[in-house]
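Since the structure comes first, as structure tokens, the remarks are kept for the end.
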Amino acid sequence: MSEATYPPLDVLKPVAEGVWIVDSGPLRALGIPLPVRMTIIRLRDGALWLHSPTRYDPRLHRDIAALGPIRHLVAPNIAHWTYLKAWQDHCPEALTWAAPNLRQRGQVQRSGLRVDRVLGDAAPPEWAADLRQTIVPGGLGFREVGFFHGPSRTLILTDLVLNLEPAKMPALLRPFLQLARMTTPHGQPPPYLRLVIKLRRQAAARAAAELVALVPERVIFAHGLWFAGDATARLRHALRWLGRFT
């Protein structure tokens, strides 16, 4: 269903200096057609950093490569890795970075995906000058790594915020999605993910408070209408299920 997505698809869209997004999809999850989004950062050394790569497209690859060498492919949580193998095959010089516990997943091991580095609490030397990172923990092995691009004051998340537009969703699903607060203006992840994260609620709330304290000017995430304005207030509102943030 193309209605769920944000056309044009599989093309570069500039967001800020050194920041681009690529909208793609839809990807069907739990019967919901989800728009999906990749974020691209050009680091100060000229290398490109691809967050949650979307489906591989040769033309898109050429357009991205025209911006600089693709050096980093990032799987920011244990769910966002589906398209990485194709990008890995076509970008042999890029390192693949993964959230903790992704490498151990049976599906990942069977796919042949190579994990070169595991993301930690602190940004590695390869991008520490441009990005800081925060791990938001959960139960059952869930971890999501949030990234903050200081030069553009852009926060990059994955599934921690999900902000679907009801008009883009199938009519039969809209009441459920709205009741679950997965739609604008609530911006909350699915109930099952909230429950998983709440298994480590205290640590997750501390990490979420760190993200809010960054005072981002924009918040980009994988699914739905990202926060292009009034971003800090909207982020605080979307994460209120974890507690109050000053």
Side-chain angles (χ1 to χ4, degrees), residues 22 24-39 49-56 72-89 94-124 127 131-148 155-164 180 182 187-208 210-211 219-224 226 238-239 241-242:
V22 175
S24 192
L27 177 69
R28 189 166 288 275
L30 300 177
I32 304 169
L34 291 177
V36 292
R37 180 174 297 114
M38 164 168 55
T39 305
W49 181 91
L50 276 57
H51 175 275
S52 188
T54 49
R55 61 191 174 201
Y56 180 81
H72 307 288
L73 306 172
V74 179
N77 67 27
I78 60 173
H80 277 249
W81 61 274
T82 305
Y83 301 109
L84 266 175
K85 183 66 165 61
W87 285 96
Q88 194 174 77
D89 291 344
L95 287 175
T96 297
W97 303 74
N101 300 323
L102 186 139
R103 179 185 274 156
Q104 287 72 37
R105 293 193 65 187
Q107 286 179 299
V108 173
Q109 295 175 354
R110 290 189 294 272
S111 75
L113 178 69
R114 185 188 76 250
V115 175
D116 299 308
R117 303 282 192 277
V118 176
L119 296 162
D121 290 302
W127 62 69
L131 296 158
R132 60 183 296 180
Q133 59 198 55
T134 301
I135 294 181
V136 181
L140 307 179
F142 179 84
R143 301 289 187 278
E144 177 165 318
V145 187
F147 300 91
F148 182 70
L155 179 63
I156 305 161
L157 303 176
T158 312
D159 293 332
L160 194 61
V161 176
L162 190 149
N163 199 42
L164 302 175
M182 296 163 60
Q188 296 185 16
Y192 77 88
L193 184 54
R194 299 203 296 268
L195 287 172
V196 167
I197 294 174
K198 283 180 179 180
L199 292 174
R200 295 199 59 190
R201 181 169 190 160
Q202 189 172 9
R206 283 196 301 267
E210 290 178 17
L211 297 176
V219 181
I220 302 173
F221 37 85
H223 310 295
W226 57 279
L239 296 178
W241 55 276
L242 274 172

Any donor and acceptor pair, going by atom type alone, linking the side chain of [X] with main-chain N or O of [Y] inside 3.5 Å?
{"X": "Arg143", "Y": "Gly138", "result": "yes"}
{"X": "Arg37", "Y": "Gly224", "result": "yes"}
{"X": "Arg105", "Y": "Ile78", "result": "yes"}
{"X": "Arg194", "Y": "Pro189", "result": "yes"}
{"X": "Arg200", "Y": "Gly139", "result": "no"}
{"X": "Gln188", "Y": "Ala180", "result": "no"}
{"X": "Gln88", "Y": "Arg114", "result": "yes"}

Do [X] and [Y] have side chains that approach each other closer than 4.5 Å (heavy atoms only, starting at C-beta)?
{"X": "Leu102", "Y": "Leu113", "answer": "yes"}
{"X": "Pro35", "Y": "Leu164", "answer": "yes"}
{"X": "Leu119", "Y": "Ile135", "answer": "no"}
{"X": "Ser24", "Y": "Met38", "answer": "no"}
{"X": "Val74", "Y": "Val145", "answer": "no"}
{"X": "Leu160", "Y": "Ile197", "answer": "yes"}

ask   = Would one find more than 12 heavy atoms of other residues, nucleotides or ligands at under 6.0 Å from atom CD of Gln104?
value =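 Above 12, so yes.
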Spacing of [atom1] belonging to [X] relative to [atom2] belonging to [Y], to within rounding of 0.5 Å:
{"X": "Phe221", "Y": "Ile156", "atom1": "CZ", "atom2": "CD1", "answer": "12.5 Å"}
{"X": "Leu95", "Y": "Arg117", "atom1": "CG", "atom2": "CZ", "answer": "5.0 Å"}
{"X": "Asp116", "Y": "His72", "atom1": "CG", "atom2": "NE2", "answer": "11.0 Å"}
{"X": "Leu242", "Y": "Arg206", "atom1": "CG", "atom2": "CZ", "answer": "12.0 Å"}
{"X": "Trp49", "Y": "Trp97", "atom1": "CH2", "atom2": "CH2", "answer": "11.0 Å"}

query = Going by the angle between their ring planes, with limits at 30° and 60°, are His223 and His80 parallel, tilted or perpendicular?
reply =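 Taking His80 first and then His223, their aromatic rings sit tilted (interplane angle of 30° to 60°).
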Closest contact, heavy atoms only, [X] versus [Y]:
{"X": "Leu73", "Y": "Trp87", "answer": "CD1-C, 4.0 Å"}
{"X": "Lys85", "Y": "Ser111", "answer": "CE-O, 3.9 Å"}
{"X": "Thr158", "Y": "Pro76", "answer": "OG1-CG, 3.0 Å"}

request  = Go through the steps for Thr82 and Leu27 under the test side chain to side chain contact (heavy atoms under 4.5 Å, CB included), then give the verdict.
outcome  = CA-CA 10 Å; Thr82 305; Leu27 177 69; 5.5 Å; no
inquiry  = Looking only at side-chain N and O atoms, does Trp127 offer a donor or acceptor that is under 3.5 Å from a partner on Gln133?
reply    =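 Yes, because at least one side-chain N or O of Gln133 sits under 3.5 Å from a partner of the opposite role on Trp127.
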task = Please determine which of Leu157, Asn163, Thr39, Ile220 meets the side-chain contact (heavy atoms from CB on, under 4.5 Å) test together with Trp226.
result =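 Of all the options given, the one that passes is Ile220.
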Worked verdict on Leu193 versus Leu162 for side chain to side chain contact (heavy atoms under 4.5 Å, CB included) = CA-CA 11 Å; Leu193 184 54; Leu162 190 149; over 6 Å; no
